[in-house]
Amino acid sequence: GATLDESVDHYIEHVLKYRNAPTVLEIIEKLLSEAESNHRRESTVKDLSCRLNVFAETFGARRIAEIAREELKDWLQDPTLSARSRINYSVKVSQLYNFAIVNGWCESNVAASIPRPDAEDSEPSIFTVEQVSRLLEHAAEYDLLCYIAIGLFAGMRSAELLRLDWSAVKLAERTIIVGAAVAKKRSRRVVEINDALAAWLALCARSRGVIVEGSRNGLYDRLRKLAKAAGVKEWPDNGLRHSCASYSLALTGDAVRTAYQLGNSADMIHRHYKALVTKPDAERFFALRPAAGAAEKI
């Protein structure tokens with residue numbers, strides 16, 4: 001129902017204006033290059049690259065201003081993907097649109113106008129006290145005792161542990177400094193070394209160097225071997241951290257303190273970890289100690 005004049009005006013404003021803009025694939029390459037030059041973390045750049053390259057499989061040869069909202073909506077709301085995956089793709093594609101707007105390659109963020117699903121609020125899986133005991137018993141065999149102990153009793157994220165250096169572990173002060181270069185979203189915090197963690201670190205702490213030596217793939221291989229030795233058939237996603245949060249909240253009943261220790265919000269701690277374990281189990285968890293003179297025993 002548009003007039004010829006209206007059609008021409010629309011074509012000039014929305015098509016001709018961006019006819020010299022780079023393709024979606026070229027914009028992705030520029031965005032990734034900028035992220036690397038701004039020293040974004042390797043894992044951040046890798047995740048951005050992975051998701052946007054999937055987007056480029058469909059729209060790579062197109063100009064971003066030419067992608068209609070309905071076709072973008074169909075792509076972002078792929079029913080074969082989980083709600084969490086659809087949210088993650090939507091966030092990265094929206095980031096791509098914002099980058100294009102700043103550079104004058106499109107006029108609006110179409111992705112931001114498309115509703116995102118609610119993420120599934122699933123209950124986190126944790127290790128039982130018996131599983132924790134066996135993990136600690138065998139961890140030293142794979143040079144993982146410090147990694148496992150800090151993850152279990154300090155609740156640090158696996159990505160934080162990979163970046164953590166022994167210089168940040170203050171045994172005399174009973175604290176771990178999680179600096180901006182280590183923490184998620186670069187938000188620093190000070191983590192307490194409780195009695196349980198202090199006892200285990202006494203067996204493996206070093207004065208310098210990284211907590212986890214070797215490559216990320218090497219770490220995962222050692223974790224698989226440790227799980228087999230400990231009789232753990234399935235390693236829960238972020239199981240060490242989730243276990244720490246659950247047992248800490250059950251022991252203290254203090255969501256604010258637990259949240260600060262883990263670098264999270266009290267609301268998140270209440271929503272995800274309340275009533276997952278009992279206080280007696282939490283007391284058993286934090287009472288785990290190496291036997292005197294026998295590092296391999298609990």
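Counting from 1, the numbers follow the sequence of the chain as shown. Since this is a predicted model, take the numbers as computed values, not measurements.
Side-chain contact between E192 and R174 is absent, with no heavy atoms from C-beta onward closer than 4.5 Å. Contact check for L201 versus I150: side-chain heavy atoms found under the 4.5 Å cut-off. With a 4.5 Å cut-off on side-chain heavy atoms, P22 and K30 count as touching. Counting heavy atoms from C-beta on, the side chains of I193 and L171 come closer than 4.5 Å. In this structure, L145 and L136 have side chains that are in contact, with non-hydrogen atoms separated by less than 4.5 Å.
Note on ring orientation: taking the six-membered ring where Trp is involved, the planes of W105 and F99 are perpendicular (angle over 60°, cut-offs 30° and 60°).
Here the side chain of Q131 pairs a donor or acceptor atom with the backbone of T128 at under 3.5 angstrom. Side-chain atoms of N238 never come within 3.5 Å of backbone atoms of R241 as a donor-acceptor pair (strictly under, hydrogens ignored).
Separation of atoms NE2 (H138) and NZ (K225) is listed at 15.5 Å; rounding is to 0.5 Å. In this structure, M156 CE and R163 CZ are separated by 9.0 Å, a value rounded to the nearest 0.5 Å. One finds the CG atom of L152 at 10.0 Å from the OH atom of Y147 (value rounded to the nearest 0.5 Å).
Looking only at atom types and distance, the side chain of R257 has no donor-acceptor partner in the side chain of T252 under 3.5 Å away. Side-chain contact annotation: D5 with T3, donor-acceptor N/O pair under 3.5 Å absent. In summary, the side chains of W166 and S207 do not present any donor paired with an acceptor at a separation below 3.5 Å, with no hydrogens or angles considered.
The aromatic ring centroids of F285 and F153 lie less than 6.0 Å from each other.
A side-chain contact (heavy atoms from CB on, under 4.5 Å) with Y260 is found for exactly one of D254, V191, V190, namely V190.
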